[in-house]
Every structure is written in structure tokens, then in C-alpha cells.
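Report on one structure; see the data block that follows.
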Amino acid sequence: MHHRAPSPEPSPVPSRRTLLTVTAAAAAAAVTGVTVPVAHADERRHGDRALQGLISRMSLEEKVGQLFVMRVYGHSATTPDQADVDANLKEIGVRTAAELVERYHVGGIIYFAWAHNTRDPHQIAELSNGIQRAALAQDTPVPLLLSTDQEHGIVARIGKPATLLPGAMALGAGGSHEDAHSAGRIAGAELAALGIRQDYAPVADVNVNPANPVIGVRSFGADPEAVAGLVAAQVKGYQRAGVAATSKHFPGHGDTAVDSHNGLPVITHTAEQWAATDAPPFRAAIRAGIESIMTAHIVVPALDPSGDPATLSRPILTGILRERLGFDGVVVTDSLSMEGVRTKYGDERVPVLALKAGADQLLNPPNLDVAWNAVLKAVQDGELTEARLDESILRILRLKARVGLLDDPYVTSTGVDRTVGTRAHLARADRIAERTTTLVVNEEGFLPLSRRTHPKVLVVGADPASPSASTGPPTAVLAAAFTELGYTARALSTGSAPTPALIEQAVAAAAGQDVVVVGTYNLTPTTSQLTLLARLTATGVPVVTIALRNPYDAARSTGQRAVLATYSWTDVELRAAVRVITGRAKPRGRLPVAVQSAQDPSQVLYPIGHGLTYR
């Protein structure tokens, strides 16, 4: 938790001694010649005094800036591509990340692949160093907290050659706290080597609604206690690697049919249901020492009848999270660009109301200038006190100190090479994935597949956009994995909405094959994927289906010889599924959610804990 980033290689950046002058502790060092560290929990009282001294030297504008975490376009802090300069000017009014820091004194920046922040590991590390150089060139030099959404599975901003690990629901299927901890530790170590010291993971939502459009496989499962144990394990893994974990989305986004990116969901749980279902993972995260928690843009009338989303609710953020659950770490809002938080109030009110509710970090407002000036004006007008800002800034600086940023914010090329996508990390990811693959159906022991009796394999099905910059498309990855194991495999992409022509092509291609493997993606009653499955099954060639995302697909997979669930279509999960299908690994995964009948949702076809194995 207190590991520091590697020391920078010689470069024209402020030295360690220069950097330490950003703390009040360094004022003493300047007199005595002794460096006084502030980053350790057992020195909290001294550390708080030092950090309060730093806060006292900030202007009001610098204080306002510390509360914001903002996106910015470009692969470089000072020389982004012209298209990214244009995007920055249009959306933020600055040209570069360095100008963003100089003008608004932001406390953090969030990296996105779509913002071109994450091309490759060495570029990310240099971007991080460039941002920190800009931060330490300010009148009051304070390193930035760089963050991203690296949940793994279907949500990850940094792809290959970094290690891609099983996502939450896959780890839920594995059920191993040790594997969850290892995945968090590996993910955290690689992020820290890139200069990213806050990760918006793990997801602590309990996915009790199969129709949830936004959480789903990003959750560890539907059993609150099982989710709680895995959340705690991941928190410890991340923070052991020196990265602040961030459980989300408080007070719990698992039972909704509305995506808060596009609307404002209402959770109808009673207070008792919330305490039994949604609260346990957040309680476990807090007990595990989590550094930050992200809010949800959801309305929970049982917890706050005002109709305000949790992000703007003082009864929820202060009354429940701070006072009842005892959390004194950093509360970060979910993105303020999402519609869920913008439906009731204007963009200039949202950041002020979030601070009044108890938030500390204001993430990614749609218009930074509007949001930043609204907070500044709220202090100048007396709606917010400067002391209230200081309270949040102290929490943010404590977090920065604990992850080592106030000692040394820079990273090195050597550190990247020694840590990111190493052979040991990749091998560990493969082993973890093998323990997550779930065999849901295996008619008459059809699997494992013998190369002697079934050497010819046709792989068809959905090819959703490859998550996490993995190789993709899924049909090609599966076919290649079969080929590597000595099978004769061919891939035919039929998509998530196969046309009649593609269905006919797949049926024709199945002729003469020994088995057809079909990747399914979010089967609905009306999807033409079901027609494809029925037509292939009718050929008489054995069909094996792989639910590439939601395990609920198993309820609509009928007539197939075997059904597996991988919970993601990243390379690591697909390769593991092929090793399971071919008997190179035994299926060990168990469903972390219940799969209900497609015809009668009150009937459970496959309960939590269901999973077959080989003798």
C-alpha cells in the first residue's frame, strides 16, 4: 500500500529534494538538512500537519483545482497530435495536458483510450512524467493523481502488451480470493509502473438483475457475501502494489434496468434490502482499507426520498457512507458528463451540490470551465466555505502521500520493462482464467473434445469489438487457439445479428466438420443468433456454444452438446475456454449468478454455484 514508484532515470525534472519542498515537512528539512517523510499511516498526525501546511499555501483557485479530475486528449503532455489539440481547444479551452494543469490546477487526470492517452506502455509512462513535470512547475507544486478505469474483463483502458486479466464476474466464477488478490496485485503493479496511482476498480455492485445494461459481468456476482470477499481481496491486491483502489458505484448499481450513462435509474430496494444486498461489499472494502469510493448516479428513495441521485445526496454520502459506514477516505463522483447526474440540475450546480453532499473529487465534468468557476463562485458567495474545500483536499493529499506521489511522482523506462506484460504476469493470467471457465451443459459427456475423434472445428458467431485492445476478433482467437493445439480450425464471423445469407454460409461451412463452436453474445428472444443456433444444430454436426459475455445466454442455448461461459471475450478468457474444451484444463468455474428460464423467469435453470467438471 505504501510502495513507491521507481525513482526516475536522470532527466531534466525537479529532483527528489526539490519535490519534497511541496510539503510542510520539507520546510523543516530546509532548515535541518533532514528529509522528513509524510506518507506513512503511523505518522498520520505529523503527516496531517505537513499536508495542512501545504494547503495553507494554496490560493483559492489552486484549492478549487485540486478537487477536479479531468480528461484531456493526447499521447503527450506537451506535443499531442494536432487533432487532439483541436479537441482540447473545443472541449476544454486549452491545447495540452500541461496547459490544463497550468490553467485549472487540476488535482488529477483520467486516462482513456479514446482520448489517445494509452497507445503503448512507454508512451503512457512519458505522458505521466510530462504531466507531473507540469504539476511541479506550478506556484504551489503538487503532483497529480493519474487515474483510469482498468477493471479488466470488458472494461480496460490499457491493452496489450500490458497483461489483460479476467474481469470481475470471471473471478466470481473462480471463487478464489487468492486469484482475485493476485489479479489486483498484477494489475496494480503494471498501472503504478505507468504512473497511474488510482484505479476505478474493483466494482462492488451486486448484480441481482439479469437485465442490468451497465454492470452485468463487471460485477463479481449476485451473492452479496461472495462479492464482498472478492472485493476485499482485490482491494488489498491493488493497494499492496501502491495503487489506490476505488470501489464503485456507491450505494450499489446492481439492480437496475437503466444505464446511468443515458438516464437516471431508480433503485427500489428497501433500506433493509439495501443493507442485506448492496452494503456488504462496500463494508468489506472499507474494512480492507480502501482508499477511495466512487458514487453512483442513481436514485434510492429508501435512503434519500428527495429524488436526488446519490452523487448529490448528503444523506447517502455523508449520512450513510461517512457516518454510518465510517469511511474517511476519498469520495470520487462518477463522471459528471453522464446523463444520470445531469437530469435534475444544470452543469454549474452539479459540482457544488456534490461537494455539499460529501464528495471530494469531481470527475470529468462536461465543461470544466463552467464547473470550476461554479465551485469558485460558491466559495466567494459563501455557499461553500474554504474550510469545506480544505477538508476534501486533505483527504486527497493523504491519498497522494500514501501512494508515494509526494516522495517521487516519476516512473522510468526500466520500471516499465521490468513490470508491464512480463512473462510471469501473462502466465499467471492464463492460470487464473483457466479456473474461471464455467461448463454449464455437457450432454452425455461430450467434452472434453478429442483431437482423434473431432479434429475439424468450425468456429462461428458474434465478433463484438475486442475489449481492452486484445487481439480479436473472438472467432479468430478461438480458431487460432484450436490450431495451436493441433486441430484443423476455421473461423467464420457471423456477427451478433447474423443475416440470412450469413446463416446459410455458416450452415454450408458446417458440412464435413466434426464440431461447430458458436460464440454467443447477449441472446435475446428476437436475435437472429437463435436462428443460427437452430439451423446449425439441425445439421447434425455437434454444436458447442460459448457465452462470450453474459452467462444468462445459457437459458436460450438449446439443443447444443455443451455450453460454456467465459464472462468476457478477451484473449486470456478465450484461450482458457479452448484449453477446457480440449481437456488441456479441467473446468472449475461455478456460476456466480443464477440463470433463469427464458420462458419462466421465476424458474431457475442453473443456480448460483452450478458448474460441471470432468471426471
Side-chain angles (χ1 to χ4, degrees), residues 114 154 210-214 216-217 257 259 262 440-441 443 449 454 456-483 487-571 573-575 577-578 581 595 597-599:
W114 53 258
I154 71 167
N212 195 321
V214 64
V217 295
D259 185 343
N262 308 316
V440 183
V441 174
E443 296 290 349
L449 202 65
H454 295 80
K456 291 183 288 185
V457 181
L458 174 67
V459 180
V460 304
D463 271 334
S466 189
S468 313
S470 56
T471 303
T475 52
V477 173
L478 289 166
F482 278 109
T483 299
Y487 293 78
T488 301
R490 174 190 171 193
L492 173 62
S493 175
T494 50
S496 56
T499 62
L502 274 175
I503 292 172
E504 293 302 328
Q505 189 178 345
V507 169
Q513 299 296 307
D514 297 311
V515 64
V516 180
V517 175
V518 185
T520 67
Y521 185 86
N522 294 1
L523 296 181
T524 65
T526 58
T527 178
S528 56
Q529 292 180 70
L530 293 178
T531 306
L532 173 69
L533 280 173
R535 291 288 308 281
L536 288 170
T537 302
T539 66
V541 179
V543 174
V544 173
T545 63
I546 301 174
L548 297 176
R549 181 169 179 165
N550 289 330
Y552 310 113
D553 283 6
R556 300 189 187 277
S557 298
T558 56
Q560 285 76 62
R561 300 295 296 275
V563 178
L564 299 95
T566 60
Y567 312 97
S568 174
W569 60 103
T570 48
D571 298 6
E573 292 288 3
L574 298 179
R575 290 196 307 266
V578 171
I581 289 170
V595 175
S597 166
Q599 288 71 40

N/O donor-acceptor pair under 3.5 Å between [X] side chain and [Y] backbone:
{"X": "D553", "Y": "L523", "result": "yes"}
{"X": "S568", "Y": "L548", "result": "no"}
{"X": "Q560", "Y": "V544", "result": "no"}
{"X": "D463", "Y": "T475", "result": "yes"}
{"X": "D514", "Y": "K456", "result": "yes"}

| query | How far apart are the C-alpha atoms of V517 and F482, what are their side-chain angles, what is the distance that settles it, and do they pass the side-chain contact (heavy atoms from CB on, under 4.5 Å) test? | reply | CA-CA 11 Å; V517 175; F482 278 109; 4.0 Å; yes
| message | Taking the side chain as everything from C-beta on, heavy atoms only, tell me whether V440 gets closer than 4.5 Å to V595. | response |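 No - every pair of side-chain heavy atoms lies 4.5 Å or more apart.
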To the nearest 0.5 Å, what is the distance between [atom1] ([X]) and [atom2] ([Y])?
{"X": "L458", "Y": "T539", "atom1": "CG", "atom2": "OG1", "answer": "9.5 Å"}
{"X": "E573", "Y": "L564", "atom1": "CD", "atom2": "CG", "answer": "11.5 Å"}
{"X": "N550", "Y": "I154", "atom1": "CG", "atom2": "CD1", "answer": "8.0 Å"}

For [X] against [Y], the heavy-atom pair lying closest together:
{"X": "L492", "Y": "A509", "answer": "CD2-CB, 4.4 Å"}
{"X": "S496", "Y": "Q529", "answer": "O-NE2, 3.1 Å"}
{"X": "T483", "Y": "A489", "answer": "OG1-CB, 3.7 Å"}
{"X": "G559", "Y": "T537", "answer": "O-CG2, 3.3 Å"}
{"X": "R549", "Y": "V217", "answer": "O-CG1, 3.3 Å"}
{"X": "S528", "Y": "P498", "answer": "OG-O, 2.9 Å"}

| query | What residue pairs, at least two apart or across chains, pass ring-ring contact (aromatic ring centres under 6.0 Å, His included) with a residue in residues 497-534? | reply |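 The answer is Y521-W569.
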| Tell me, which pairs form a ring-ring contact (aromatic ring centres under 6.0 Å, His included) where one or both residues lie in residues 497-520, sequence neighbours left out? |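 Qualifying pairs: none.
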| field | side chain to side chain contact (heavy atoms under 4.5 Å, CB included) partner of I546, chosen from L478, V518, T520 | value |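 When side chain to side chain contact (heavy atoms under 4.5 Å, CB included) is applied between I546 and each of L478, V518, T520, only L478 qualifies.
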Could you list the donor-acceptor pairs under 3.5 angstrom formed by side chains in residues 499-507, with sequence neighbours left out?
residue	atom	partner	partner atom	Å
T499	OG1	L502	N	3.2
E504	OE1	R535	NH2	3.3
E504	OE2	R535	NH1	2.7
E504	OE2	R535	NH2	3.3

